[in-house]
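Heads up, the thing below is written out as structure tokens.
Just so we're clear, the structure is a prediction, and the values are computed from it rather than from any experiment.
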Amino acid sequence: MRTVSRNTDAADFVAALRSCKTGYDVFGVLKDISERYGYGLFIVMHLPERTDLSLSDQIIITNWNPELVRAYDAKGLFITSPVITHLRKSVLPYSWNVEELNLDRTDDKAADAVQLFEKFGLLRGVYIACSDRYGQRGAVGYAGSKARIDEHAIAELNYLSLHVYERICDISDATSEMDDVLTHREKECLAWTASGKTSAEIAMILEISKNTVNHYLAAAAAKLGTVNKAHTVATAIRRGLLNI
């Protein structure tokens with residue numbers, strides 16, 4: 001994958017995105033884009049259906065702290081999110097700061113939202129509306145402590161975010177056929193391994209024997225041509241076979 005620097009311009013970022021082969025590659029370029037425009041945090045997500053209740057189910061790529069995502073969902077902040085409300089109404093970029101944003105909440109959870117976002121450094125940011133070739137809508141968001149950026153920078157971020165979302169969708173389409181490479185059980189065992197669980201712990205969670213867990217892990221390694229658990233997990237993640 002092509003490397004970029006903090007001084008990279010939009011054309012170089014687009015070239016880097018086009019060379020991305022995996023979601024992990026896109027993650028790296030998106031991190032550079034975010035930092036280039038003064039933000040440290042980013043999220044790429046699907047625009048949820050009105051019946052969807054959690055942010056975690058909509059995330060495609062993010063570097064948000066997992067504790068933030070868990071707390072956000074546990075407090076029920078997603079259902080009446082002003083960001084989601086705006087994205088459903090408009091395709092224009094949406095700049096926000098945490099206090100003004102949560103004044104628009106239609107529930108009594110504004111204080112919870114402000115406290116949580118301030119704790120994790122999401123003070124200001126911008127969301128860019130996107131869509132894929134099938135009309136599925138989504139968004140790319142950037143956040144941090146940076147003051148509001150100017151219209152020129154927002155226009156550049158809008159342009160780059162469209163490329164980010166399209167590249168992620170292209171990679172997803174290209175790897176969708178590979179989902180059948182690993183069975184559901186093999187993916188489960190790998191996902192729990194990635195989270196730090198031992199074979200014995202996974203066996204208890206899935207209510208199967210330790211030997212069966214090891215069988216699934218060995219089968220996954222054979223299919224992916226890897227040499228140990230860590231190598232198997234890393235390869236599965238790079239190939240987009242695990243959603244973790």
Side-chain angles (χ1 to χ4, degrees), residues 1 13-14 16-37 39-73 77-79 81 83-88 91 93-94 96 117 120 122 125-144 157-179 181-182 187-188 190-191 194-195 233-244:
M1 184 187 73
F13 279 126
V14 170
L17 286 166
R18 287 174 175 165
S19 72
C20 290
K21 304 299 183 184
T22 68
Y24 183 81
D25 294 338
V26 177
F27 183 99
V29 178
L30 190 52
K31 181 176 182 293
D32 289 331
I33 291 172
S34 182
E35 292 176 351
R36 170 67 176 79
Y37 289 88
Y39 297 112
L41 300 170
F42 57 82
I43 185 170
V44 183
M45 63 182 183
H46 299 296
L47 185 63
E49 301 293 336
R50 296 186 183 277
T51 55
D52 291 325
L53 303 179
S54 68
L55 171 63
S56 57
D57 289 339
Q58 310 307 321
I59 293 174
I60 304 172
I61 292 177
T62 189
N63 68 344
W64 286 19
N65 190 307
E67 183 184 342
L68 165 61
V69 177
R70 286 194 294 269
Y72 188 88
D73 283 344
L77 298 174
F78 185 68
I79 302 171
S81 165
V83 169
I84 300 301
T85 299
H86 174 86
L87 291 171
R88 285 192 174 117
V91 296
Y94 181 45
W96 58 274
F117 275 36
F120 288 95
L122 285 80
V126 59
Y127 277 89
I128 308 297
C130 305
S131 64
D132 64 20
R133 69 189 69 180
Y134 308 110
Q136 171 68 46
R137 296 186 62 197
V140 181
Y142 306 88
L157 269 181
N158 186 79
Y159 172 72
L160 291 172
S161 298
L162 296 177
H163 280 278
V164 166
Y165 197 80
E166 181 173 273
R167 190 64 193 133
I168 289 174
C169 291
D170 286 346
I171 290 171
S172 178
D173 288 345
T175 59
S176 61
E177 294 181 358
M178 290 199 301
D179 284 345
V181 170
L182 301 180
K187 291 178 184 179
E188 277 189 317
L190 283 176
S195 70
V233 168
T235 300
I237 292 173
R238 282 198 300 271
R239 292 181 62 177
L241 300 176
L242 293 182
N243 295 318
I244 60 174

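- In this structure, Tyr39 and Gly125 approach most closely via the heavy-atom pair CE2-CA, 3.9 Å.
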Notebook entry, point to check: Stepwise, does the side chain to side chain contact (heavy atoms under 4.5 Å, CB included) test hold for Leu122 with Trp96?
Noted result: CA-CA 10 Å; Leu122 285 80; Trp96 58 274; 4.2 Å; yes
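- To the nearest 0.5 Å, the span separating CZ on Phe27 from OG1 on Thr22 amounts to 11.5 Å.
- With hydrogens and angles disregarded, no donor-acceptor distance shorter than 3.5 Å links the side chain of Arg137 to the backbone of Val91.
- Annotation: the span from Phe120 atom CZ to Asn65 atom CG amounts to 4.5 Å, rounded to 0.5 Å.
- The shortest non-hydrogen separation linking Cys20 to Arg167 is O-NH2, 2.7 Å.
- Taking each heavy atom of Cys130 and Leu162 in turn, the nearest pair found is SG-CD2, 4.0 Å.
- Taking the six-membered ring where the residue is Trp, Tyr159 and His163 present perpendicular rings, their angle passing 60° and hence far from 30°.
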Notebook entry, point to check: Does the side chain to side chain contact (heavy atoms under 4.5 Å, CB included) test come out yes or no for Met45 and Thr62, once each step is laid out?
Noted result: CA-CA 8 Å; Met45 63 182 183; Thr62 189; over 6 Å; no
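- In this structure, CG in Leu190 is found 10.0 Å from OG1 in Thr235, a value given to the nearest 0.5 Å.
- Put simply, the side chain of Phe42 reaches to within 4.5 Å of the side chain of Ile61, judged on heavy atoms.
- Under the side-chain hydrogen bond (donor to acceptor under 3.5 Å, both in side chains) criterion, Asp57 pairs with Ser54, not counting sequence neighbours.
- Of the candidates Leu30, Ile59, Ile128, Val26, Val44 forms a side-chain contact (heavy atoms from CB on, under 4.5 Å) with just one, namely Leu30.
- No side-chain heavy atom of Phe117 sits less than 4.5 Å from a side-chain heavy atom of Leu77.
- For the pair Gln58 and Phe78, the tightest heavy-atom approach, listed with the atom from each and the gap, is CG-CZ, 3.9 Å.
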Next item on the list: Assess whether side chain to side chain contact (heavy atoms under 4.5 Å, CB included) is satisfied between Leu160 and Tyr37, documenting all intermediate values.
Entry: CA-CA 11 Å; Leu160 291 172; Tyr37 289 88; 3.8 Å; yes
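- Looking at every heavy atom in both residues, Asn63 comes nearest to Leu41 through OD1-CA, 3.3 Å.
- Using cut-offs of 30° and 60° for the angle between ring planes, the Tyr94 and His86 rings count as parallel.
- For Glu166, the salt bridge (charged side-chain N to carboxylate O under 4.0 Å, His left out) test picks out no residue, with sequence neighbours left out.
- Among all heavy-atom pairs drawn from Ser161 and Tyr142, the shortest one is OG-OH, 2.7 Å.
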Notebook entry, point to check: Can you list the steps and then say if Leu242 with Lys187 is a side chain to side chain contact (heavy atoms under 4.5 Å, CB included)?
Noted result: CA-CA 7 Å; Leu242 293 182; Lys187 291 178 184 179; 4.1 Å; yes
